There are 2 protein chains.
Amino acid sequence: MATVSRVFGGGGVSAGARERVLEASRRLGYRPNAVARALRMEATRTLGLVIPNVMNPFFTAVARAVEDAARERGYSLVLGNTDEDPEKEARYLEVLLEKRVDGIVISPARAASPHLEEVGRAGVPVVFLDRYVEGVEAPVVRADGRRAVDELVGYLVGLGHRRLAIISGPPETVTGGERLESFLAGARRRGVEVSAELVVYGDFRRESGARAMRRLLGLEERPTAVFAANNLMALGALEELDRAGVRVPEEVSFASFDDVSWFRLLRPPVTAVAQPIRELGEAAARMLPEMVEGRGRPESVVLEAELVVRGSCAPPGGGG
Amino acid sequence: MATVSRVFGGGGVSAGARERVLEASRRLGYRPNAVARALRMEATRTLGLVIPNVMNPFFTAVARAVEDAARERGYSLVLGNTDEDPEKEARYLEVLLEKRVDGIVISPARAASPHLEEVGRAGVPVVFLDRYVEGVEAPVVRADGRRAVDELVGYLVGLGHRRLAIISGPPETVTGGERLESFLAGARRRGVEVSAELVVYGDFRRESGARAMRRLLGLEERPTAVFAANNLMALGALEELDRAGVRVPEEVSFASFDDVSWFRLLRPPVTAVAQPIRELGEAAARMLPEMVEGRGRPESVVLEAELVVRGSCAPPGGGG
DNA sequence: CTGAAAGCGCTTACAG
DNA sequence: CTGAAAGCGCTTACAG
């Protein structure tokens, strides 16, 4: 048994013995049981990835990047979609803890989470991706969008816009709050006050983007430029613009946080703030094995988002 | 110990005993170890999902649907991207087998696979999704695209097209072969012969779609209508059309297999063959627990794909 | 209800 | 190199 274990687990075994073991296991159809191995080793070589929704292209790319990096290091990836629901998130976390995953990459639904403190207490390494929870001791991997959003606001104001609207994410989320604040602050700093009716809150999902755009288009005095705080809400907003037959950028300028492969195929191509997603996912998945294998606590990584100017913004009133 | 096990595993325990167990485990921070449980029970409550790439919107939706259905039934999902590489696929399968997953949903890279026979031999339930391997005894969940592709060809020929081109997937894959054959057969049946230069092979990935379109546009005599056999190649092809400044549908009509949320946002909106993805994913994830829990071998499910006519096809020569 | 015991399949020192 | 043994944390019959 010891020799068999060494052949499969990687230890010093003579060539002859190895060959005989391999031959016998081929004959018997033997396959090492990773469950038993995990129990004995107290390590499952499995990582958990907890995200709002894989259907969001940002998280799709994150999932792919994390899975790649995990596999390269000999880890499997268990996937969970929370739909921004803290209850669902808590249940996933509990399952991952019971399954004794070696580490968790999470983009938490809320800025506060008792369940994540629980994870910390269980001694399971955590890396926050995109969003984080204050007070939980774990590295964060994210893109800072403030500079790029500020730049976008400067660009819009420079084009002559004074009625700027934002389709914001939930302000209690890190990213939602950050994008909203930098948008408002950027406008204010340039002498433009964004009135309350021009701040519409969504939940980062598509339907809420459509609903928000509908609301903005129904206003007595429409905004001349609209910024959607993530890709899904942008999709919904664009659909609504399309449905309402509102021309972009002649009647209203439009920009989005998050870039998506097909933005540049639209007429006009959509101006967007792009996050370095692959780098983000890679950084997260690189950190976890480091923590798992006890090589210390990696530093947080904050990358910069970039404004990508395309054709969806123009001076206001250009159409009329 | 027996009582604790019953409290967490679900057995008859008196209210008083249950409360004391719960109180003690709260105090001690006890959490059941699913690894040990899996070893003892010979069931991991984990399913594997092996797909070419989550970044393909079709498989993104599949992953989401399978994950939902798995979770509802108390299973976790391990994700693997093969990139259409049989070697990578084989390695994933081996890992899943060693980890003793209770079942595997797979969209195999090739129509032949010794590794999948291996999985059958290991006694792990398998469900094929979208694509399958002949000779492996397992239910298949897929959409039959033949009728819809034939309908599309009829529509194009009806518009007056005689130079039909296809950007095909690998003909040795089930879906690639099926779409190519129904395209060619549909044309022939209508008296249109598709010449060899108008059949360009890609690998279902974006770059190959762009490359194929570049080739078609470089032809002495261009096609008047192009059909891309999946969404990713369609994306690449559309980008190439855009780059080359070719107007759709005036200069060339275009249609895609697979529908994508943003197709209808394009100018013109893209005509496509839509698969019932959610139903596909749900069916697959419903079957696996049935097989795992020994409730027999479910029947294969074949749903119909539907042609969605939008604005990207018009009579040939409409632009000149 | 509770305790003792066997066994799931490994890994890892320890003898021989 | 190989065999015997302990132990990872459960579940499940079996006594008491």
Side-chain angles (χ1 to χ4, degrees), chain A residues 1-46 48 74-76 78 94-103 118-119 121-124 292-294, chain B residues 1-46 48 74-76 78 94-103 118-119 121-124 292-294:
Chain A
M1 288 212 58
T3 307
V4 172
S5 177
R6 278 186 215 105
V7 168
F8 287 100
V13 181
S14 72
R18 152 162 288 124
E19 194 39 61
R20 266 173 295 148
V21 166
L22 257 20
E23 156 57 20
S25 49
R26 215 172 297 132
R27 192 158 32 79
L28 301 167
Y30 171 77
R31 188 177 343 260
N33 184 326
V35 176
R37 177 168 227 266
L39 179 62
R40 173 66 224 231
M41 304 288 276
E42 300 186 339
T44 52
R45 300 245 94 187
T46 302
Y75 290 83
S76 298
V78 174
E94 187 55 35
V95 169
L96 293 176
L97 255 22
E98 291 190 359
K99 294 213 163 169
R100 299 298 193 266
V101 294
D102 293 336
E118 184 65 24
V119 174
R121 221 169 300 133
V124 176
V292 171
E293 287 148 27
Chain B
M1 287 213 60
T3 308
V4 172
S5 178
R6 279 186 213 106
V7 167
F8 288 100
V13 182
S14 72
R18 153 161 289 125
E19 192 39 60
R20 266 174 295 149
V21 167
L22 257 21
E23 156 57 22
S25 50
R26 216 172 296 132
R27 192 158 32 80
L28 301 168
Y30 171 78
R31 190 178 337 264
N33 184 326
V35 176
R37 178 167 227 267
L39 180 61
R40 174 64 224 229
M41 304 287 276
E42 300 187 338
T44 52
R45 301 245 94 187
T46 301
Y75 290 83
S76 298
V78 174
E94 187 55 34
V95 169
L96 292 176
L97 254 21
E98 291 189 358
K99 294 213 163 168
R100 299 297 192 266
V101 295
D102 293 336
E118 183 66 23
V119 174
R121 220 169 301 131
V124 177
V292 171
E293 287 148 27

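Bear in mind the structure is a predicted one, so any value in this text is a computation, not a measurement. Throughout, protein chains are lettered first and strands after them, A, B, ... in sequence-line order, and every chain is numbered starting at 1.
With dG9(C), dC14(C), dT11(D) as the choices, the nucleotide that has an atom nearest any side-chain atom of Ala36(A) turns out to be dG9(C). With dG9(C), dT11(C), dT11(D) as the choices, the nucleotide that has an atom nearest any side-chain atom of Met41(B) turns out to be dT11(D).
OP1 or OP2 of dT11(C) lies within a sub-4.0 Å distance of a side-chain N or O belonging to Ser5(A). Within the 4.0 Å cut-off from OP1 or OP2 of dC1(C), not a single side-chain nitrogen or oxygen of Thr3(B) is found. At dG7(D), none of the side-chain N or O atoms of Arg40(A) fall inside 4.0 Å of OP1 or OP2 (strictly under the cut-off).
Spacing between atom CG of Leu39(A) and atom P of dT12(C) amounts to 13 Å, rounded to whole angstrom units. A straight line from CD of Glu42(A) to P of dC10(C) spans 17 Å, rounded to a whole angstrom. Regarding Leu97(A), its CG atom lies at a distance of 16 Å from the C1' atom of dG9(D), rounded to whole Å. Counting to the nearest Å, the C1' atom of dT2(D) and the CZ atom of Arg6(A) are 9 Å from each other. The nearest whole Å value for the distance from the CZ atom in Arg37(B) to the P atom in dG9(C) is 17 Å.
Salt bridge status for Arg31(A) with Glu94(B): present, with a side-chain N to carboxylate O gap under 4.0 Å. A salt bridge does not link Arg20(A) with Glu23(A): every distance from a Lys NZ or Arg NE/NH1/NH2 to an Asp or Glu carboxylate oxygen is 4.0 Å or more.
Judged by Watson-Crick or G-U wobble contacts below 3.5 Å, the nucleotide dA4(C) has no partner. Of the nucleotides present, none pairs with dA13(C) by Watson-Crick or G-U wobble criteria with both distances under 3.5 Å.
Note that CD of Glu98(A) is 10.0 Å distant from CG of Leu96(A), once rounded to the nearest 0.5 Å. The distance from atom OG of Ser25(B) to atom OH of Tyr30(B), rounded to the nearest 0.5 Å, is 8.0 Å. In this structure, OG1 on Thr44(B) lies 11.5 Å from CG on Leu39(B), to the nearest 0.5 angstrom.
Taking a 4.0 Å limit (strictly below) on heavy-atom distances, residues 20-33 of chain B reaches DNA chain D at Tyr30(B), Arg31(B), Pro32(B), Asn33(B).
Test Thr46(B), Val292(B), Val101(B) against Tyr75(B) for side-chain contact (heavy atoms from CB on, under 4.5 Å) and you get one pass: Val292(B).
Shown here for Val95(A) and Ser76(B), the closest heavy-atom pair between the two residues is CG1-OG, 3.6 Å.
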